[in-house]
*Asks:* 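Below is the structure I would like to discuss, written out as structure tokens.
Each chain gets a letter, A, B and so on, in the order its sequence line appears, and its residues count up from 1.
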2 protein chains.
Amino acid sequence: MDPNPIGFQKHDHSHCVADAVAEADRTCQKAGLQLTPVRKRALEILLEEHRALGAYDVLARLSEDGFGSQPPVAYRALDFLTKNGFAHKIERLNAFIACAHPGDIHTPAFLICTTCDAVAEAETDPSHSLLNQIADTTGFRISRAVLEAEGTCPNCLANDGAADKK
Amino acid sequence: MDPNPIGFQKHDHSHCVADAVAEADRTCQKAGLQLTPVRKRALEILLEEHRALGAYDVLARLSEDGFGSQPPVAYRALDFLTKNGFAHKIERLNAFIACAHPGDIHTPAFLICTTCDAVAEAETDPSHSLLNQIADTTGFRISRAVLEAEGTCPNCLANDGAADKK
DNA sequence: GCCCGTCACGTAATAACATAACACACCAAA
DNA sequence: TTTGGTGTGTTATGTTATTACGTGACGGGC
Ligand SMILES: [Zn+2]
Ligand SMILES: [Zn+2]
Ligand SMILES: [Zn+2]
Ligand SMILES: [Zn+2]
């Protein structure tokens, strides 16, 4: 198990947490949002993982860092992050992940590896999404879309292949 | 609130429950699956609603009908129904709904009205779905996809329009 | 007949996820 | 100074889901 990828590629993780937090800081400045200590720490926790964390996982770490230890502490921070585009909730997992493309308004799509638990956030082109076509033909107005696929990531497929060979 | 539509249209509900159950019966016969009393009743309960029901809602009704009253009773029945294509779980709602197109192997897409709680199951063409395109380019192998859109259904949009006029 | 494996069903207990309600601190506007 | 808003913390509770364990029904070997 290697719960490390963005997308499913290895990457230099050394600076991406700090960079993402700094960008969130700037964004909040501009938008008049308060990236308070709990909220910032929650974002860091998500960024440190690059996989989906349950609210209680986040809570445990926040609590270790001296923040409150009760569920609302985590849920409120996660709520702020998701409402403002810094994180997403993966419905299939009841878990949260840092946004891989913050700043843009976007409809994220997620690829969830059931073998190694990695989660990749893909960009989508909302205009020719399947759901929008359906919505057009039925007259439904979409406000939010959930696109999540479970399966096996390239890395785990490769490992399977290797396993098969021996 | 009119929690009645399939898709979002009114329909003759008189026979559809019985028909669907009968078809499920046939399908199970052919496939060597046991549509036992609890499972059949759970399917009926979902069909009687045409909207998403929580597992505990289903459980309550099963229990009223003399079946067990503990969570696994409902979860096991719902598990059977979803695994075999007679029902789907709506991840966004943590709730279950009878399949509107049983028999076919399909990747369902759901339109969830946040005003009236109606849920429509749309057919999708998996081959040019967004997720498959993403999967192709990233080398991810999809085993299951979740496609759910929240928004406002045609009926509720019409009502809004009417409300605005007065 | 009996032994066994499998499957469905039932229970109790608990885990995991999420929200309601209330108190206090802080800060800025009136 | 008072007042209102926002953020953080708490306790308590609600909701969703699973684990663990035991029983009865059925079918195939022996
Ligand atoms: Zn990173
Ligand atoms: Zn993987
Ligand atoms: Zn019907
Ligand atoms: Zn509606």
*Asks:* Provide, to the nearest angstrom, the distance between the CD1 atom belonging to B:Ile90 and the C1' atom belonging to D:dT15.
*Replies:* 18 Å
*Asks:* Rounded to whole Å, please give me the gap between CG in A:Asn94 and P in D:dG14.
*Replies:* 20 Å
*Asks:* Under the side chain to side chain contact (heavy atoms under 4.5 Å, CB included) test, which residues partner B:Gln70, sequence neighbours left out?
*Replies:* B:Pro72
*Asks:* Enumerate all atom pairs, one protein N or O and one N or O from nucleotides 19-21 of chain D, separated by less than 3.5 Å.
*Replies:*
none

*Asks:* Rounded to the nearest Å, what distance is computed from the CG atom of residue B:Leu78 to the P atom of nucleotide D:dT18?
*Replies:* 11 Å
*Asks:* D:dT16 base stacked by B:Tyr56? Criteria: ring centres under 5.5 Å, plane angle under 30°.
*Replies:* yes
*Asks:* Answer yes or no: is there an ion pair linking B:Arg61 with B:Glu64, defined by an N-O contact shorter than 4.0 Å?
*Replies:* no
*Asks:* Please check the phosphate of D:dT6 (OP1 and OP2 only) for any side-chain N or O of A:Gln34 closer than 4.0 Å.
*Replies:* no
*Asks:* Identify which nucleotide among D:dT10, C:dA8, C:dA18 has an atom closest to any side-chain atom of B:Thr36, counting heavy atoms from C-beta outward.
*Replies:* C:dA8
*Asks:* Can you measure B:Leu62 atom CG to C:dG10 atom C1' for me and round it to whole angstrom units?
*Replies:* 13 Å
*Asks:* Start at the 5' end of DNA chain D and walk down; is the nucleotide closest to A:Gln70 or to A:Phe80 reached first?
*Replies:* A:Phe80
*Asks:* Using only side-chain N and O atoms of B:Lys89, determine if any of them is under 4.0 Å from OP1 or OP2 of D:dT16.
*Replies:* no
*Asks:* Mind checking the CG-CG spacing from B:Leu46 to B:Leu78? Nearest 0.5 Å is all I need.
*Replies:* 6.0 Å
*Asks:* Rounded to whole angstrom units, what separation is found between the CG atom of A:Leu33 and the P atom of D:dT6?
*Replies:* 12 Å
*Asks:* Rounded at 0.5 Å granularity, tell me how far CG in A:Leu111 sits from CG in A:Leu147.
*Replies:* 10.0 Å
*Asks:* Between B:Glu91 and B:Arg144, is there a side-chain N and carboxylate O pair less than 4.0 Å apart?
*Replies:* yes
*Asks:* Rounding to a whole Å, what distance do you find between A:Lys83:NZ and D:dG7:C1'?
*Replies:* 14 Å
*Asks:* Can A:Asp65 and A:Arg41 be counted as an ion pair, charged N to O under 4.0 angstrom?
*Replies:* yes
